[in-house]
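A short worksheet on the structure shown next.
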2 protein chains.
Amino acid sequence: MSSLKQIANDLGLSVASVSNALSGKGRVSPAVTKRVLSRANELGYKPNAAARALKTGRSHILGFVLPDITHPLFAKFAQGIESAADAVGYGVLIADSRDDGNGQAAAITRLVQRGVDGLVIVPRRGSTLTAQSIPMAVINSQSDPMNTVSANHFQGGMLAAETLLKLGHNHFLLLGADSLSDVQKERIAGMQRALSDQAKYKTIWADKMKIDIATLHDEGITAVIAVSDLSALNIMSSAHQVGLKIPEDLSVVGFDDLPICKVISPQLSSLAPDVQEIARQAIEFLCLSIDGAEQLPKSNVINMSFISRDSTASPTRK
Amino acid sequence: MSSLKQIANDLGLSVASVSNALSGKGRVSPAVTKRVLSRANELGYKPNAAARALKTGRSHILGFVLPDITHPLFAKFAQGIESAADAVGYGVLIADSRDDGNGQAAAITRLVQRGVDGLVIVPRRGSTLTAQSIPMAVINSQSDPMNTVSANHFQGGMLAAETLLKLGHNHFLLLGADSLSDVQKERIAGMQRALSDQAKYKTIWADKMKIDIATLHDEGITAVIAVSDLSALNIMSSAHQVGLKIPEDLSVVGFDDLPICKVISPQLSSLAPDVQEIARQAIEFLCLSIDGAEQLPKSNVINMSFISRDSTASPTRK
DNA sequence: TTGTATGCGTTATCAA
DNA sequence: TTGATAACGCATACAA
């Protein structure tokens with residue numbers, strides 16, 4: 001590989017001048033700058049990352065810790081984080097904690113040892129994070145005291161419920177999947193807030209109780225708001241199995257606006273988090289923190305938006 | 001942060017001895033080794049990654065380039081690669097090329113500049129890779145001359161077809177999604193090979209022609225082998241929409257064994273690639289290549305297995 | 001404007 | 001068995 005020394009030798013200059021010419025920091029004559037630039041170009045010179053990191057103390061690498069990259073929402077975050085980081089000159093090292101508390105802690109220490117400048121963490125549900133020796137940004141939910149930025153799950157829940165209310169529904173199933181998840185609890189709470197005194201509803205956590213969609217429909221339920229697209233998909237296919245039509249007999253909404261929403265039919269309406277913006281803010285926070293900003297932004301929350309597709313409609317009167 | 005020098009000063013030793021004691025390479029008295037180890041432990045000493053990388057020329061970081069981490073199959077690979085790499089002491093930097101040819105090339109150069117020791121690449125379909133200056137392993141398909149290791153898509157296609165033949169089906173729909181994908185072409189070719197002279201079949205590429213599952217069923221088709229779980233899911237929901245029962249009226253099989261297979265009902269039968277093994281071999285290849293092995297393993301292909309769930313059954317006679 | 005010198009933390013060579 | 005020292009490639013304070 002070519003190095004500063006290489007260029008300096010070729011041109012009969014000192015490494016310092018070459019370094020200055022390339023960085024534009026020191027004072028170098030235009031003539032020298034030009035020669036250096038052209039030679040660097042010829043050689044395809046790229047600064048050695050390790051040397052720079054050693055000298056400056058910054059690796060320009062971030063670590064991204066997440067519970068399970070196989071989960072489509074986390075994958076979206078990975079994509080967002082990677083592109084936001086790239087935009088400001090950082091690379092990202094991933095660490096899948098495989099949905100395991102020890103895994104999460106181990107992943108963090110591994111990354112720190114690799115010399116990352118900061119960490120973005122999507123914590124495993126129910127886990128508690130201990131403050132680290134390096135800057136970190138947490139993407140979780142409003143109720144997490146460590147939260148840096150996240151979707152506004154509560155508002156998302158409200159918006160879902162309000163949208164269906166406007167369509168004329170007045171008897172709801174609110175469907176949770178994992179009763180330990182703060183994110184899901186906030187979504188459900190938002191739904192309940194919007195619905196209280198406005199409509200009848202029943203909340204069921206699928207991890208605690210079997211759901212029988214046929215009976216629920218017989219009881220008069222015309223709309224299901226599921227806490228994730230995956231549960232929504234699950235309900236949709238069960239409904240199909242027992243002969244219920246969507247959206248004629250049942251409107252269904254999911255959360256997260258995953259790619260599958262568009263591959264199934266009817267296409268699934270969903271609440272979309274602004275992943276790009278969440279990722280951007282997480283990275284911005286991290287950069288500030290790395291650069292030693294005296295005061296950092298407070299925990300922030302980004303509104304979700306309703307993506308209307310074919311799984312929602314006004315209830316058909318009978 | 002603590003350093004070798006720190007430990008050396010504390011103990012009145014030279015850095016060299018401390019380094020040797022810690023690495024176990026040089027000859028150091030047991031007494032000194034013991035003192036060094038205990039002091040290092042007290043200080044929580046971790047070697048500085050940048051310094052080590054600078055000195056040794058190895059960053060112990062690999063780059064993983066993939067078309068779209070949002071796609072569930074690629075996410076599975078990301079997980080497999082990360083854990084296989086971790087197992088042999090490598091970290092992995094991700095680069096999502098966002099399904100864009102330029103993006104792919106740019107991602108590769110970015111990673112090289114960051115000083116990765118090698119690259120694992122899942123190429124964008126239809127793209128051609130140029131050999132790089134650093135070791136690389138390619139995960140694609142048998143027909144790619146650069147392929148290092150991949151699933152045996154052809155055998156997977158055959159196995160899918162054979163399994164349904166055994167169930168008694170004799171009229172098939174072979175469903176492709178992207179006619180430019182080598183992977184999909186090989187899967188379809190495998191199906192056709194197994195089916196020729198054994199059964200009737202019709203091959204349709206969904207990117208070229210609209211599919212009307214009701215009519216196809218009327219024509220006598222009782223089984224659909226889709227080239228991916230996503231297309232299978234798509235067909236399943238369309239079938240449900242027109243009142244076809246699965247698996248009574250139609251058996252459906254997908255490919256890749258994605259997590260969604262289990263969230264829908266009926267649960268989807270699928271052909272599973274051995275992602276762990278593919279990832280392991282890719283990493284193994286890369287390690288050999290990085291360590292300068294004189295001869296590297298030839299391109300290899302790993303058989304797929306049939307995961308039987310509820311979407312497949314013997315056809316019901318009428 | 002340019003060059004010299006030093007150090008970042010580690011490994012490795014060579015003397016002592 | 002241990003220690004002094006150089007080198008990896010770069011950035012910077014300082015001298016020329």
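A note on names: the letters A, B, ... follow the listed sequences, proteins ahead of strands, and every chain is numbered from 1. All values below were derived from every heavy atom in this structure, side-chain atoms included, with hydrogens, water molecules and symmetry-related copies excluded.
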By the 4.0 Å heavy-atom rule, please label B/Gly12 as base, sugar-phosphate, or nothing.
sugar-phosphate
Would you give a per-nucleotide map of nucleotides 6-16 of chain C, 5' to 3', where B means the base has a protein non-hydrogen atom under 4.0 Å away, S means only the sugar-phosphate does, and - means neither?
-BBBBBB----
Ignoring hydrogens and angles, tell me if any N or O in the side chain of A/Gln104 forms a donor-acceptor pair with the backbone of A/Ser97 under 3.5 Å.
no
Donor-acceptor contact below 3.5 Å, side chain B/Asp117 vs main chain B/Ser59
yes
Which atom names give the shortest non-hydrogen contact between B/Gly118 and B/Ile134, and what distance separates them?
CA-CD1, 4.0 Å
Do you know the tightest heavy-atom contact between B/Pro135 and B/Ser289?
CB-OG, 3.2 Å
By salt bridge (Lys or Arg N to Asp or Glu O under 4.0 Å), which residues pair with B/Asp256, not counting sequence neighbours?
B/Arg187
Exercise: do A/Gln79 and B/Asp96 side chains pair donor with acceptor under 3.5 Å:
yes
Exercise: do B/Asn140 and B/Asn147 side chains pair donor with acceptor under 3.5 Å:
no
Nt span of DNA chain D in reach of chain B heavy atoms at under 4.0 Å, 5' end first, is D/dT1 to D/dG9
Does A/Ser17 put a side-chain nitrogen or oxygen below 4.0 Å from OP1 or OP2 of C/dG3?
yes
Value in whole Å for how far the C1' atom of C/dT4 lies from CG of A/Leu13
14 Å
With a 4.5 Å limit on heavy-atom distance, are the side chains of B/Arg125 and B/Asp182 in contact?
no
